[in-house]
J.: 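Sharing a structure below in structure tokens format, with a few things to ask.
Start at 1 and go down the list; that is how both ligands and their atoms are numbered. The residues of the chain are indexed from 1 along the displayed sequence.
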Amino acid sequence: MILEDLKINIESLEQRSIYRIEGDLVIDSIELDIGNCPLLKPLSINIEYVLQKRELFVTGRVRTTLECQCSRCLEPAVIEINGQIEAVYRPSEELKSLKREEVLEKLENVVYYFDPVIDLFERVHEAVVVEVPQKPLCKPDCKGLCPYCGENLNEHPEHRCNQLEDFLLEARMSLFKELRRGG
Ligand SMILES: [Zn+2]
Ligand SMILES: [Zn+2]
């Protein structure tokens, strides 16, 4: 099934009924702090939610494969996403009756809603974000780029850097001059 969005209206739900959203969301990229990452596979969603009094309990899974930039060589890195969703939505009025410490304590996985229309995409996005490593790699042993000239060392493992040699030569020359000046 193709899902247009993940918005649900709490007011339209029956108490204690289990609702399910299953399908692929119609997006082809996802915005992360490392940039906008294209999806190589559909964003597959499997969410269950239950309303109990005015609290909405949400659990689910998110799967996809996305492409981002390797943090060493800047080539594409393919990341498998197998994320979990676990959240409780509570009405925002409850927030006022809590002490500050309680708010902080309960912050994890608790979301306060103002509007009865809730967009579960925010939880999906979070579940994807935590699955993406801080420094994504195109392969575990990526050799990265030559720090002197930027040559890709995966493609040119034999690379001996001319610029490094120039750099060393220059360093040697200036050392030599220093020594002469000193002596
Ligand atoms: Zn790489
Ligand atoms: Zn080089």
J.: So if I apply the side chain to side chain contact (heavy atoms under 4.5 Å, CB included) rule between Val58 and each of Ile47, Val111, Val50, Ile118, which one comes out positive?
T.: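 The passing option is Ile47.
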J.: Under a plain distance cut-off of 3.5 Å, with no hydrogens placed, do Thr59 and Glu48 share a side-chain donor-acceptor pair?
T.: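 Looking only at side-chain atoms, Thr59 and Glu48 do not form any donor-acceptor pair under 3.5 Å.
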J.: Any side-chain to backbone donor/acceptor pair from Glu131 onto Ile81? Under 3.5 Å, distance only.
T.: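 Looks like no, no N/O pair under 3.5 Å.
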J.: Which protein atoms of type N, O or S are found under 2.8 Å from the Zn ion (ligand 1)?
T.: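 Under 2.8 Å from the Zn ion (ligand 1) - ignoring waters, which are not counted - the protein N, O or S atoms are Cys70 SG, Cys73 SG, Cys138 SG, Cys142 SG.
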J.: Restricting to N, O or S atoms, which atom of His159 is closest to the Zn ion (ligand 2)?
T.: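 Closest to the Zn ion (ligand 2) among those atoms: NE2.
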J.: Can you tell me the angle formed at the Zn ion (ligand 2) by SG of Cys149 and SG of Cys146, to 10°?
T.: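 Result: 110°, to 10°.
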J.: Between the side chains of Arg160 and Glu165, is the shortest nitrogen-to-carboxylate-oxygen separation below 4.0 Å, so that they form an ion pair?
T.: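 Judged by the 4.0 Å cut-off on N to carboxylate O distance, Glu165 and Arg160 do form a salt bridge.
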J.: Would you say Ser92's side chain and Tyr113's backbone share a donor-acceptor pair under 3.5 angstrom?
T.: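 Judged by distance alone, yes, a pair lies under 3.5 Å.
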J.: Please say which of Val128, Leu32, Thr64 ends up in a side chain to side chain contact (heavy atoms under 4.5 Å, CB included) with Cys37.
T.: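 Of the listed residues Val128, Leu32, Thr64, the side chain to side chain contact (heavy atoms under 4.5 Å, CB included) partner of Cys37 is Leu32.
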J.: Is Glu80 salt-bridged to Arg63, cutoff N-O under 4.0 Å?
T.: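 Between Arg63 and Glu80 there is no salt bridge, as every charged N stays at least 4.0 Å from the carboxylate O atoms.
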